[in-house]
Structures are given as C-alpha cells and as structure tokens.
Amino acid sequence: MKFEKFHIQPEIIRSLKKLNFKKPTDIQYKAIPAILKGEDVMAIAQTGTGKTAAFAIPIIDMIQEKKSSKRSEGLRCVVMVPTHELAIQIKEVFEEIGQHTHVKTFAIFGGVEQDRQIQKLQAGLDVLIATPGRLFDLVSQKHLDLRKVEMLVLDEADHMLDLGFYKDIQDLLRFLPRKRQTLFFSATINEKIKKLAYSLVKNAIRIQISPKNPVAKNIDHALIYVEMDEKRFVLERILREHEKSKMLVFVRTKVRAERVMKAMDRVGIKALTLHGDKDQKDRMAVMRTFQKGEIRLLIATDVSARGIDISGIAYVINYDLPEQAENYVHRVGRTGRGREKGQALSFCSEHEKELLLKIEDFLGHRIKVLEYGEEDQLVTKDMSLDATQDWRAVMQEIEQEDKKRKKRKKR
C-alpha cells in the first residue's frame with residue numbers, strides 16, 4: 001500500500017516522497033485511517049516502528065485542510081512528550097512532513113529561558129510539542145490558551161509516568177476542551193498506563209503492534225558475559241573492529257558515563273556523554289554532533305533513552321544492564337529504526353545475572369550468548385592500548401624501584 005491511498009493532502013505526499021517514505025509501517029497503516037476519521041486511538045507499539053509519523057501525517061493533513069478553507073485559527077494540537085530531546089525531534093518530524101504546508105509547529109520544554117518560547121507562542125502556531133512541566137507552567141502563567149485545542153497526543157506515555165508527570169498531565173486536562181480527539185502512544189503497557197489511557201480516551205481504537213515481542217524484529221540481540229573490570233577492553237575492541245559504525249552505549253549512572261568516556265579517550269577514541277547533569281544547551285550540542293557523525297560514540301544514561309531518534313545507529317551497547325527490564329526495550333529501540341537493521345549487544349557481569357533474567361522474562365525469550373572465553377579475553381587485552389599503557393606503567397614502576405635499590409646498595 002502507498003500513502004496516496006490514505007487520500008491525504010498532495011503537499012504531504014510531496015514531502016513523504018522527498019523523505020523517501022515508500023510505504024506505511026504497520027503502526028502507520030493501522031493508525032492513520034482511524035486518526036483521519038477523528039477517532040480516539042490507544043496504540044501500543046515498539047520504539048522505532050514509525051510512531052511519530054503515524055500521528056504527524058494525519059494531524060498535519062487535518063490542520064492543512066482546515067487552513068486551506070480558512071477554518072483553522074490558533075493552536076489546534078498539543079503533543080506531550082517526556083524529554084527535551086524527544087520534543088525537538090518530534091518537532092523536526094512535523095516540520096519535515098509539513099514543509100510544503102502552512103502548518104506551524106513549535107516545541108517548548110524546561111531547562112531554557114521561557115521568554116523566547118512565549119514570543120513564539122504569541123506569534124501563533126498550529127501544533128505545540130511540549131514536556132508536561134513547562135506546558136503546565138506557561139498555561140498557569142496564562143501565556144498559553146488551550147481552549148481551542150482539538151487534538152491531544154501523549155507520546156511515550158509510559159516514560160512520562162516513570163518521570164513522575166502523572167499529576168502534571170491530570171492538572172493540564174482541566175485546561176483542555178472535553179470535546180477533543182485524544183491519541184495515546186506507548187511502547188509498553190501496565191495497569192498504571194491503562195488507568196491513565198482510559199481516563200483520557202473515549203471509545204478508543206486500540207492498536208497493538210507485535211504484542212508478543214516488545215522489540216522490533218529487525219534488531220539482532222546478543223550477549224557477552226564479561227566482568228566489570230573487563231568491559232572497557234571489550235568496548236574498545238568492538239569500536240576498533242567496526243570503525244565506521246555509529247554506536248550508542250548505555251550505562252547506569254552519570255558518573256559511569258564520564259568514566260567510560262575517559263577510558264575511551266585514553267585509547268584515542270573520542271566520545272561524548274548525555275545525561276541529566278548536562279544543561280539543555282550542552283545536550284542539544286551533543287545530539288547535533290552525534291547526528292552529524294562528527295563523533296561515532298555516544299555514552300548515555302536511561303534518562304536519555306527515549307530522546308534519541310537518530311538514524312544510522314548501527315549498535316546499541318548495554319555496557320551496564322538496566323535495572324528496569326522495560327528500559328532494555330527503550331534502549332535497544334534506538335537502533336533498527338523503521339526498516340533499518342540494528343544490533344543490540346549487552347555486557348553481563350556476574351552480579352548482573354539477576355537483571356538479565358528479568359530482561360529475558362520481559363522479552364519472552366533468551367538472548368543469544370556470544371562465546372567469550374579465556375583466549376578471547378587475552379586477545380582483547382592484547383588489542384587494547386589501555387592495557388598496553390597499564391603494562392608500561394607497571395614496567396616503569398619496576399624500573400624505578402630497581403634504580404632505587406641499586407642506589408641504596410651503593411650507599
């Protein structure tokens with residue numbers, strides 16, 4: 001099936017062709033017709049399946065149609081997302097798909113001055129992408145009027161709940177019209193998610209893509225049993241063996257991210273980090289640098305897992321296994337986007353085996369184990385510049401001690 005079958009505006013078809021959108025993904029095929037009919041939608045689909053375009057295409061189409069007939073004025077759609085990075089990237093998708101239309105899109109989020117955002121809101125727009133905290137702030141300050149909003153989208157709803165946005169979302173509902181179209185998108189589903197979803201949607205069309213497999217089929221999963229102290233050597237080897245590949249490495253903490261970056265720097269591999277200690281300006285600069293391919297290694301924490309939507313990431317490496325099994329899905333979903341192939345490789349130390357079992361239970365299958373025996377360990381260390389430097393440092397220390405002993409004997 002082709003996008004023309006949806007009978008969407010020719011300006012959008014033109015953009016989709018330019019973006020090389022050849023045919024709809026499963027979520028797009030099922031969601032677009034329902035959204036165009038004005039139905040509420042509750043969609044559960046893995047990351048990387050084309051969810052953003054699944055709601056952006058019909059939203060732009062409906063707004064463009066009304067603008068063409070002079071029936072649209074003011075803010076018509078609000079898209080709520082959990083992170084700054086995701087807000088920026090969804091804004092870019094709307095702008096790319098709507099580049100030949102009159103639909104105006106803007107993103108607001110915390111961590112930056114609000115004055116410029118207020119000016120942009122006052123200038124007028126059709127679609128607003130926002131994190132719940134900043135959205136609630138600007139509505140409370142009366143800088144933003146939601147009374148004419150016709151469509152509400154909650155994207156990555158499960159992550160918004162994880163970040164504690166439940167109350168902000170509930171508080172925002174009283175500023176929105178009761179008569180509206182609501183689209184609810186989430187990668188995972190549990191009782192809390194269901195409770196939020198059913199409080200928002202009415203007689204929703206429920207769409208669930210690959211319910212038995214929460215991860216996209218075009219991602220190949222593998223596992224290496226390796227102890228904590230050895231992980232940096234294995235990472236270095238992988239990077240050297242795949243010198244042209246773009247890689248995203250996940251660690252458990254901000255401190256770990258900086259340590260791994262320094263370990264790679266010692267062996268001449270440049271990397272950047274992305275975590276909660278960086279301000280918004282730095283985070284955006286890091287994302288731009290990685291997106292352009294100026295560096296090929298990005299080390300991130302889970303707080304950034306949902307906000308990274310960059311094509312061409314060949315490998316996602318779980319340097320540390322996530323403590324929440326669901327986060328494995330969100331991490332590995334950064335590769336194998338759309339119809340691209342992706343590789344997900346996890347390092348598992350002895351004390352992480354319990355976390356591994358939880359992840360495999362969540363996936364519903366075991367992850368294949370790559371052989372990594374004593375001989376592989378020796379080869380990996382021999383390849384490492386860091387191990388060589390450690391050896392040289394030890395030799396220098398021995399030589400210095402030997403010189404001191406000789407001096408003492410002469411006395």
Side-chain angles (χ1 to χ4, degrees), residues 1-8 12-13 15-16 19-62 77 79-82 86 89-94 96-98 127 129 151-160 181-190 193-194 196-197 200-201 203-219 305-311 313 326 329-342 363:
M1 179 180 178
K2 293 185 177 180
F3 284 100
E4 286 89 342
K5 296 286 185 180
F6 293 128
H7 303 293
I8 52 183
I12 298 171
I13 296 295
S15 298
L16 294 176
L19 295 167
N20 203 28
F21 279 45
K22 292 180 179 175
K23 62 179 183 177
T25 63
D26 287 346
I27 186 66
Q28 291 162 7
Y29 176 77
K30 292 181 179 180
I32 291 173
I35 296 171
L36 288 171
K37 288 177 186 175
E39 303 275 7
D40 281 9
V41 169
M42 188 172 93
I44 311 300
Q46 318 99 308
T47 51
T49 54
K51 282 189 295 174
T52 303
F55 60 79
I57 290 170
I59 287 170
I60 294 168
D61 179 77
M62 291 186 285
C77 175
V79 182
M80 277 198 240
V81 296
L86 193 57
Q89 288 170 8
I90 289 178
K91 169 181 166 285
E92 288 171 354
V93 172
F94 267 85
E96 286 175 342
I97 293 172
V127 179
I129 298 112
M151 290 169 278
L152 170 66
V153 183
L154 268 75
D155 191 27
E156 302 281 17
D158 48 353
H159 193 35
M160 280 196 272
Q181 184 178 12
T182 303
L183 313 176
F184 188 97
F185 285 79
S186 183
T188 57
I189 188 77
N190 57 38
I193 296 291
K194 284 180 185 177
L196 175 62
L200 294 169
V201 298
N203 301 318
I205 302 295
R206 178 164 174 160
I207 300 167
Q208 194 154 346
I209 304 296
S210 299
K212 293 180 181 177
N213 184 4
V215 182
K217 292 177 183 177
N218 47 346
I219 299 174
R306 308 289 188 97
I308 301 170
D309 187 6
I310 294 173
S311 63
I313 296 176
E326 291 92 340
V329 174
H330 303 307
R331 287 179 176 192
V332 303
R334 303 307 105 195
T335 188
R337 309 291 285 178
R339 289 185 166 79
E340 292 178 354
K341 295 289 184 183
L363 294 176

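FYI, the numbering just counts along the sequence from 1. Quick caveat, the model's predicted, so the values are computed rather than measured. Reckoned from all heavy atoms, side chains included, excluding hydrogens, waters and symmetry mates.
Checked against side-chain contact (heavy atoms from CB on, under 4.5 Å), Phe184 has the following partners two or more places apart in sequence or in another chain: Met42, Leu154, Ala157, Ser186, Ile193, Leu196, Ala197, Leu200, Val201. Under the side-chain contact (heavy atoms from CB on, under 4.5 Å) criterion, Glu39 pairs with Ala34, Lys37, Ile205, sequence neighbours left out. Checked against side chain to side chain donor-acceptor pair (under 3.5 Å), Thr182 has the following partners two or more places apart in sequence or in another chain: Arg180. Checked against ring pair (Phe, Tyr, Trp, His ring centres under 6.0 Å), Phe94 has no partners two or more places apart in sequence or in another chain. Lys30 pairs by the salt bridge (charged side-chain N to carboxylate O under 4.0 Å, His left out) definition with nothing, not counting sequence neighbours. Under the side-chain contact (heavy atoms from CB on, under 4.5 Å) criterion, Ala53 pairs with Phe21, Gln28, Ile57, Ile97, not counting sequence neighbours. Taking the side-chain contact (heavy atoms from CB on, under 4.5 Å) definition, one finds that Glu4 meets it with Lys2, Ile13, Lys17, sequence neighbours left out. Every salt bridge (charged side-chain N to carboxylate O under 4.0 Å, His left out) that Lys194 has, sequence neighbours left out, goes to Glu191.
Contact detail for Ala54 and Ile32: the closest heavy-atom pair is O-CG1, 3.5 Å. Of all heavy-atom pairs between Phe55 and Ile35, the closest is CA-CD1, 4.0 Å. Shown here for Ile59 and Met151, the closest heavy-atom pair between the two residues is CG1-SD, 3.8 Å. Between Asn218 and Gly336, the shortest heavy-atom distance links the atoms ND2-O, 3.4 Å. Shortest non-hydrogen contact noted between Ile219 and Thr335 is CD1-O, 3.5 Å.
One distance of note links CD1 of Ile313 with CZ of Arg334; it measures 8.0 Å at 0.5 Å rounding. Note that CE of Met62 is 4.5 Å distant from CD of Gln181, once rounded to the nearest 0.5 Å. Separation of atoms CD (Glu96) and OG1 (Thr52) is listed at 11.0 Å; rounding is to 0.5 Å. Note that CZ of Phe6 and CG of Leu16 are 10.0 Å apart. Values are rounded to the nearest 0.5 Å.
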- prompt: After noting the C-alpha distance and the side-chain angles of Asn203 and Asp40, does the key distance pass the side chain to side chain contact (heavy atoms under 4.5 Å, CB included) rule?
  reply: CA-CA 7 Å; Asn203 301 318; Asp40 281 9; over 6 Å; no
query: Hey, mind stepping through Asp155 and Lys51 against side chain to side chain contact (heavy atoms under 4.5 Å, CB included) and telling me if it holds?
result: CA-CA 9 Å; Asp155 191 27; Lys51 282 189 295 174; 4.2 Å; yes
- request: In sequence, state the C-alpha distance, the side-chain angles, and the governing distance for Leu152 and Met80, and then conclude on side chain to side chain contact (heavy atoms under 4.5 Å, CB included).
  value: CA-CA 8 Å; Leu152 170 66; Met80 277 198 240; 3.8 Å; yes
message: Under the criterion side chain to side chain contact (heavy atoms under 4.5 Å, CB included), I'd like the reasoning laid out for His330 against Asp158: C-alpha separation, chi angles, the key distance, then a yes or no.
response: CA-CA 11 Å; His330 303 307; Asp158 48 353; 3.5 Å; yes
